[in-house]
J.: 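Once you've had a glance at the structure underneath, I'll fire off some questions.
The structure presented is a predicted model; accordingly, all values stated were derived computationally and were not measured.
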Amino acid sequence: MAGIKRRVPMHSPRCFLSRADIFSKPGLLPWCGRKPPGWSQLFLGSACKGNFTHVIAKKCQRGQKSQKKPSHLGPLDGSWQERLADVVTPLWRLSYEEQLKPVIDGYRNKSTFSVNRGPDGNPKTVGYYLGTWRDGNIVCVRSNQLKNMPEKHNQVAQYYEVFLRQSPLEPCLLFHEGGYWRELTVRTNSQGHTMAIITFHPQKLMQEELCVQKETVKEFFTKGPGAVCDLTSLYFQESTMTRCSHQQSPYQLLFGEPHIFEDLLGLKIRISPDAFFQINTSGAEMLYQTVGELSGVNSNTILLDICCGTGVIGLSLAQYTSQVLGIELVEQAVEDARWTAAFNGITNCEFHTGRAEKILPQLLKSKEDGQLIVAVVNPARAGLHHRVIQAIRNCRAIRTLVFVSCKPQGETTRNVIELCCPPNSAKKLLGEPFVLRQAVPVDLFPHTPHCELVLLFTR
């Protein structure tokens, strides 16, 4: 492996997803209200501007021990805010250099790092959080800030709480305990447009009763107190599962526009409620630019974008390659990709809906004309299906592969082994093995040990 390098972009954040579980109340974590203690936004890239912080919503149990506090934080009191911070952003107490150490140790290779530092010499970060402590659980907002809209996510969550407190129906924290109102997802863009998605457990309600609840929440956000949130759109989804796709249970538009849009890498991107879109838009720009640099696509290659989501990687590279072939499971995301291609005048892209393990083998057979293929894969945490690895290994036209992983451990490790192992007829891995040439960590998750990892393979 040639080595690991790391760059840090500081673009102004743009389009973002927030997730507020029910009963969220305004509250500040320990660092809020005072100068941030030498943190950095941890992203890959260069060309630095602006500030950004990202928080992943999690739950923690009462009585968790706090880490040793550094002197620059001042007095800490073991409050729920501190315990929330310890679970959600476990490296928040550390300086930037100390935060880097577990990542460096984790990859066990030489890395180079750069930081956008403020006038005081400290890395620049801003944070905005929402949370409450209830029944031994902590609930918080997963939030990215717009430069001129620091209160937007807080406002929507606050008014949703007002609605819940006046609703005769109980919230649903745990399925087996009953309840109805589950969670609120908020997506905003750089123009200030806001899409809110309410997830609701129907339990045994009749359709007439469900219609009453939908009309009630619509009335609250259009004519009632929640109207001050000025939502661009409000969606409602009935779900009896932790995660439910549009195909399993449709997102119902109660009012407003069906989509929001964001500008990224010179493209206007359409985003549906069910479509995946990186919540760290500025970090995503650096991530996708790095993918493009490593891929080496040119006018003589076909770009194969597997698990393509809204198609941003392929669409951003379409001008450099002869054709883009995208594969994505979520139908709404594929519709968004096709709309984005048409709106931006991109005519050399095809997007296919379905499971990659079913579509990819047939798609590669139709391209057996000797033209080189560059493959980009960006799977979920579960990694790639074995049949996808088989198809990639056994396609001689694929000489370059860029693998983007949000969880380098686990299934990604299995994928890497199968990509690089000697030919194995028992596993139907007959093609020439790949060689891992370069690895680039991309910190889209500040103050945590997690990061995206971009791997370049060639053969």
Side-chain angles (χ1 to χ4, degrees), residues 12-28 50-55 57 126-132 139-167 171 181-200 211-237 251-264 268-275 277-282 310 332 336 339:
S12 299
R14 298 179 184 168
C15 169
F16 319 121
L17 167 70
S18 297
R19 175 177 175 272
D21 288 284
I22 50 82
F23 275 149
S24 293
K25 296 179 66 176
L28 298 177
N51 292 320
F52 172 85
T53 289
H54 161 50
V55 175
V126 295
Y128 185 73
Y129 308 90
L130 203 69
T132 187
V139 185
C140 72
V141 171
R142 187 168 55 182
S143 176
N144 294 91
Q145 287 185 285
L146 294 174
K147 183 168 61 175
N148 298 319
M149 297 182 60
E151 298 294 329
K152 188 63 174 181
H153 298 157
N154 184 10
Q155 182 187 51
V156 178
Q158 280 184 297
Y159 278 96
Y160 184 52
E161 180 190 353
V162 171
F163 171 80
L164 292 177
R165 292 191 182 280
Q166 69 183 35
S167 172
W181 302 103
R182 288 194 46 217
E183 65 184 39
L184 169 71
T185 301
V186 179
R187 308 182 85 160
T188 58
N189 66 5
S190 56
Q191 290 78 42
H193 301 152
T194 304
M195 175 189 290
I197 307 165
I198 293 175
T199 308
F200 183 90
C211 288
V212 169
Q213 297 307 314
K214 287 185 282 188
E215 188 61 32
T216 300
V217 72
K218 173 184 175 181
E219 185 83 6
F220 179 86
F221 279 105
T222 55
K223 300 177 182 179
V228 300
C229 297
D230 192 24
L231 297 180
T232 306
S233 57
L234 176 64
Y235 275 94
F236 184 94
Q237 186 189 40
Y251 290 86
Q252 304 168 50
L253 181 62
L254 300 187
F255 74 84
E257 300 297 324
H259 311 97
I260 59 173
F261 301 87
E262 188 53 280
D263 298 322
L264 188 145
K268 182 176 182 178
I269 309 296
R270 193 180 84 172
I271 306 169
S272 296
D274 197 30
F277 192 84
Q278 289 282 2
I279 59 177
N280 177 354
T281 309
S282 301
T310 52
Q332 281 195 341
D336 289 340
W339 183 96

J.: To the closest 0.5 Å, what do you measure between NE2 (H259) and CD1 (I271)?
T.: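 Output value for this atom pair is 10.5 Å.
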J.: For P273 versus P258, what's the shortest heavy-atom pair and its separation?
T.: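 That would be CD-O, 4.0 Å.
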J.: May I ask you to decide if S272's main-chain N or O and Q332's side chain share a donor-acceptor pair within less than 3.5 Å?
T.: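 No, because the side chain of Q332 does not come within donor-acceptor range (under 3.5 Å) of the backbone of S272.
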J.: Roughly how far apart are T199 OG1 and F236 CZ, rounded to 0.5 Å?
T.: 9.0 Å
J.: Could you measure the distance from the CD atom of E161 to the CZ atom of R165? Nearest 0.5 Å is fine.
T.: 4.0 Å
J.: Which residue in the set T185, L234, L184 passes side chain to side chain contact (heavy atoms under 4.5 Å, CB included) when paired with I197?
T.: T185
J.: Check whether R270 reaches the backbone of T310 with its side chain - one donor and one acceptor, N or O, closer than 3.5 Å.
T.: no
J.: Give the ring-plane orientation class for F200 versus W181, where under 30° counts as parallel, over 60° as perpendicular and anything between as tilted.
T.: perpendicular
J.: Taking all non-hydrogen atoms of both residues, which atom of Q213 and which atom of S167 are closest, and how far apart?
T.: OE1-OG, 4.3 Å
J.: With sequence neighbours left out, what residues match K214 under side chain to side chain donor-acceptor pair (under 3.5 Å)?
T.: Q252
J.: Quick check against the 3.5 Å criterion: does E219 have a side-chain atom that pairs as donor or acceptor with the backbone of G224?
T.: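 It does not hold such a pair.
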J.: First locate atom CD of Q237, then atom CD1 of I198, and finally report the distance between them rounded to the nearest 0.5 Å.
T.: 12.0 Å
J.: Less than 6.0 angstrom from the centroid, inside 45 degrees of the normal: does K218 satisfy that with respect to the ring of F255?
T.: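 Geometry flag: not set, cation outside 6.0 Å or 45°.
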J.: Which pair of non-hydrogen atoms, one from P225 and one from Y159, has the smallest distance, and what is that distance?
T.: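 Nearest heavy atoms, P225 then Y159: O-CE2, 3.3 Å.
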J.: Once you round to the nearest 0.5 Å, how far does CD1 of I260 lie from OG1 of T194?
T.: 7.5 Å
J.: Under 3.5 Å, is there a donor-acceptor pair between the side chain of S233 and the main chain of G256?
T.: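 No; judged by distance alone, with no hydrogens or angles, the pair does not exist.
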J.: Hey, could you give me each pair passing ring-ring contact (aromatic ring centres under 6.0 Å, His included) that has a residue in residues 212-235? Not counting sequence neighbours.
T.: F163-F220
J.: Examine distances only and state if a side-chain atom of N189 and a backbone atom of E262 form a donor-acceptor pair shorter than 3.5 Å.
T.: no
J.: Report the C-alpha separation of F277 and L264 in whole Å, then their side-chain angles, then the decisive distance to 0.1 Å, and conclude whether the side chain to side chain contact (heavy atoms under 4.5 Å, CB included) test is met.
T.: CA-CA 11 Å; F277 192 84; L264 188 145; 3.9 Å; yes
